[in-house]
Amino acid sequence: MSVVTRYAPSPTGALHIGGARTALFNWAFARHQGGSFLLRFEDTDQARSTRESEEAVLEALSWLGLDYDPVPGFEDIPRQSERLERYREAIEGLLATGAAYRCTCTVEELEAARRAAREARRQPGYNGTCRNKEIGPEPGRPFCVRLRTPEDGLTRWNDLNAGPSGEDISQLDDFIMLRSDGTPVYHLAVVVDDHDMGITHVIRGREHMTSTPRQLLLYRALGFEPPQFAHVPLLVEAGGKKLSKRHESMSVQSYRDRGFAPEAVLNFIARLGWSHSDLEIFTKEELVKLFTLAGVGRSPSQVHNDKLLWLNQHYIKSLPMPTLLSHAHRFLEAEAGGPLRVEPQLERLIDLLRERSKTFMEMASLARFYLVDALELEPKAARKYLTARMAQPLRELRDAFAVLPEWTQESLRGAFDAVIERHQLKLGQLAQPVRVAVVGGPASPGIFETLEILGRERSLARIDAALTRIGSSAQD
RNA sequence: GGUCCCAUCGUCUAGUGGCCUAGGAUACCAGGUUCUCACCCUGGAGACACGGGUUCGACUCCCGUUGGGACCA
């Protein structure tokens with residue numbers, strides 16, 4: 001039988017990195033097995049679920065390159081809010097077989113019973129008042145539907161990540177499946193959905209581990225074959241606390257907006273919990289080939305972005321130019337302050353910037369000197385390098401530049417050499433002032449390459465501006 | 001409060017009783033390269049939470065403690 005996995009987020013916000021990793025594991029597992037990977041929205045919390053969030057999740061998945069398959073028998077991605085009838089029907093079935101029963105206990109009665117149980121040091125679960133009352137379909141007062149949990153026994157399953165797991169049923173009470181307002185409870189919906197969608201493997205976060213016994217009970221009561229489960233360890237924040245869904249900076253979108261490549265983010269989150277011996281860098285295709293649940297660890301991992309930064313730079317260095325440009329384009333435009341055409345010179349610059357950029361944001365800011373016309377100089381660098389004693393050499397260099405027969409790295413080097421020799425300077429002593437003049441700061445790619453790319457006209461103008469600046473500050 | 005889970009360098013991890021006085025990666029530090037920054041190269045420092053067992057032998061198995069976490073209320 002072919003493997004079918006799913007990712008079933010609640011569309012209540014952006015896709016955060018923990019959710020993305022769960023999706024990734026499900027996706028990689030399915031693709032590795034040649035099975036399918038499905039999506040479903042668990043939007044029973046109508047108050048917080050939004051279509052915008054659904055869009056955000058879809059967009060994040062597609063950015064990461066996690067493609068999903070159509071769900072057989074469904075027009076669109078299933079939404080729990082559109083399946084309420086199906087859940088009620090399942091509950092009716094349960095009532096018909098006696099696996100569930102109606103309960104008319106009021107909130108007050110429940111509270112009192114719970115308090116009494118606590119005082120008697122007993123489990124605070126439902127005390128079973130209505131269990132054998134055989135309450136019919138029209139009780140004449142509000143009712144909920146509860147599962148008739150067996151008195152004793154064990155629910156066991158062999159978790160594909162956590163190993164043999166299970167719980168004593170006496171821990172479980174007759175939990176509610178249909179609330180008195182007529183809405184089904186989460187566990188019921190999940191079980192019915194997973195069954196209807198033909199899910200064979202449920203790979204989800206550890207936080208769902210303790211609710212698995214209940215769900216197993218439901219599978220049994222409904223006469224469904226339970227899937228295999230793998231409860232993978234959670235991702236936690238740097239301090240070790242649970243990843244908060246509110247934390248915007250942990251969202252996939254935020255990583256994108258800060259200039260990370262999807263290839264890097266994917267690689268990073270896969271490696272958070274999954275490993276294949278010492279392999280650190282891998283493509284999506286390699287991940288699919290290598291991914292197994294056995295490779296997923298058992299302890300939670302903290303999200304530290306150090307390694308992501310390194311990975312991102314690795315991908316910036318090695319991605320093919322068209323891919324790189326498509327990722328970087330919006331950042332370059334933002335820096336340029338308007339629409340941008342990528343000319344060959346800019347492409348050359350980007351090539352040089354690859355090994356100097358940890359993010360696309362950084363890359364764009366390093367390319368700023370090329371992208372803008374009005375360049376502002378860093379005061380500190382200007383003070384340090386644009387000194388009065390450098391004015392003369394700079395002026396000579398500028399004049400030599402002006403009459404160069406061709407604007408190439410070789411001829412630029414020749415001009416530098418002549419000035420250096422005349423003034424007994426080291427290359428660095430002359431290169432730094434020039435660098436500050438043309439890029440605005442003390443760091444850039446090699447000076448000859450930088451000048452060549454900037455072009456003669458702009459280079460001369462910037463050196464002139466720098467000379468003017470030296471002149472005016474000398475008179476102060 | 002109850003149930004369950006987890007525990008190797010700062011971080012991600014390799015490791016399934018002897019091959020480990022613990023390997024890789026990142027981050028950090030030092031040096032090299034260099035016109036600057038970065039890349040790159042070399043080196044350094046850095047961990048089996050603790051206590052009991054089991055065993056000829058434990059980081060690896062068991063129990064407990066501590067710490068962290070999740071879930072149910």
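Residue numbering restarts at 1 for every chain, and letters A, B, ... go by the order of the sequence lines. Computed from a prediction, not measured in an experiment: that's the story for all the values here.
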With side chains defined as the heavy atoms from C-beta onward, is the minimum distance between A:Leu386 and A:Leu377 less than 4.5 Å?
yes
With sugar-phosphate meaning primed atoms plus P, OP1 and OP2, does A:Gly205 contact a base, only sugar-phosphate, or nothing at under 4.0 Å between heavy atoms?
nothing
Taking pairing as Watson-Crick or G-U wobble with both contacts under 3.5 Å, can you name the mate of B:rG67, or confirm there isn't one?
B:rC6
On the nucleotide B:rG24, are OP1 or OP2 found under 4.0 Å from the side-chain N or O atoms that A:Ser277 carries?
no
Euclidean distance for C1', B:rC19 against B:rU60 (whole angstrom)
14 Å
Less than 3.5 Å between a donor and an acceptor, one on the side chain of A:Arg356 and one on the base of B:rC37, is that the case here?
yes
Using atom P in both nucleotides, what's the gap between B:rG10 and B:rA22 to the nearest angstrom?
15 Å
Out of B:rC12, B:rU3, B:rC6, which nucleotide sits closest to the side chain of A:Thr210?
B:rU3
Under 6.0 Å between ring centres, would you say that holds for A:Phe416 and A:Phe448?
yes
How would you label the contact of A:Arg271 with the nucleic acid (heavy atoms, under 4.0 Å): base, sugar-phosphate, or nothing?
base
Rounding to an integer number of angstrom, what distance separates B:rU8 and B:rC48 when you compare their C1' atoms?
4 Å
According to the Watson-Crick and G-U wobble definitions, with both distances under 3.5 Å, which nucleotide is paired to B:rC40?
B:rG32
Between B:rC12 atom C1' and A:Phe268 atom CZ, what is the distance in whole Å?
8 Å
Does the distance from a Lys or Arg side-chain N to an Asp or Glu carboxylate O, for A:Arg356 and A:Glu362, drop under 4.0 Å?
no
Pairwise P distance, B:rA30 and B:rA49 [rounded to whole Å]
31 Å
A:Arg214 CZ to B:rC72 P, in whole Å, measures 8 Å
By the 4.0 Å heavy-atom rule, please label A:Pro445 as base, sugar-phosphate, or nothing.
base
Using a heavy-atom cut-off of 4.0 Å across all strands, would you classify A:Lys317 as base, sugar-phosphate, or nothing?
sugar-phosphate
Starting at NE2 of A:His314 and ending at P of B:rC12, how long is that distance when rounded to a whole Å?
22 Å
Gap in Å between the two C1' atoms, one belonging to B:rA70 and one to B:rC28, rounded:
33 Å
Please determine, for B:rU21, whether a Watson-Crick or G-U wobble partner exists with both distances under 3.5 Å, and give it or none.
none
Using a heavy-atom cut-off of 4.0 Å across all strands, would you classify A:Leu234 as base, sugar-phosphate, or nothing?
sugar-phosphate
Ionic contact status for A:Lys317 with A:Asp351, cut-off 4.0 Å:
no
Quickly work out the A:Lys426 NZ to B:rU34 C1' distance and round it to whole Å.
13 Å
Is A:Arg148 salt-bridged to A:Asp174, cutoff N-O under 4.0 Å?
no
OP1, OP2 of B:rA14 versus side-chain N and O of A:Ser275: anything below 4.0 Å?
yes
So what does A:Glu280 touch, heavy atoms closer than 4.0 Å: a base, only the sugar-phosphate, or nothing?
base
Any Lys/Arg nitrogen of A:Glu42 or A:Arg40 sitting under 4.0 Å from an Asp/Glu carboxylate oxygen of the other?
yes
Searching all strands shown, indicate the nucleotide that pairs with B:rA47 (Watson-Crick or G-U wobble; both distances under 3.5 Å).
none
Separation between the P atoms of B:rC6 and B:rG46, rounded to whole Å:
31 Å
Using a strict cut-off of less than 4.0 Å between a Lys/Arg side-chain nitrogen and an Asp/Glu carboxylate oxygen, indicate whether A:Arg48 and A:Asp45 qualify as a salt bridge.
yes
Quantified in whole Å, what is the P atom distance between nucleotide B:rG32 and nucleotide B:rG24?
25 Å
Can you tell me which nucleotide in B:rC6, B:rC35, B:rC12 comes closest to the side chain of A:Ile447?
B:rC35
Picking from B:rG23, B:rC6, B:rG10, which would you name as closest to the side chain of A:Asp278?
B:rG23
If you only use heavy atoms from C-beta on, which nucleotide in B:rU36, B:rC6, B:rC35 is closest to the side chain of A:Ala443?
B:rU36
Side-chain donor or acceptor of A:Arg435 under 3.5 Å from a matching atom on the base of B:rC37?
no
B:rC71 P sits how many Å from A:Phe229 CZ, rounded?
18 Å
What distance, rounded to whole Å, do you find between the two C1' atoms, one in B:rA14 and one in B:rC20?
11 Å
How is A:Pro300 classified with respect to the nucleic acid when contacts are heavy atoms under 4.0 Å: base, sugar-phosphate, or nothing?
sugar-phosphate
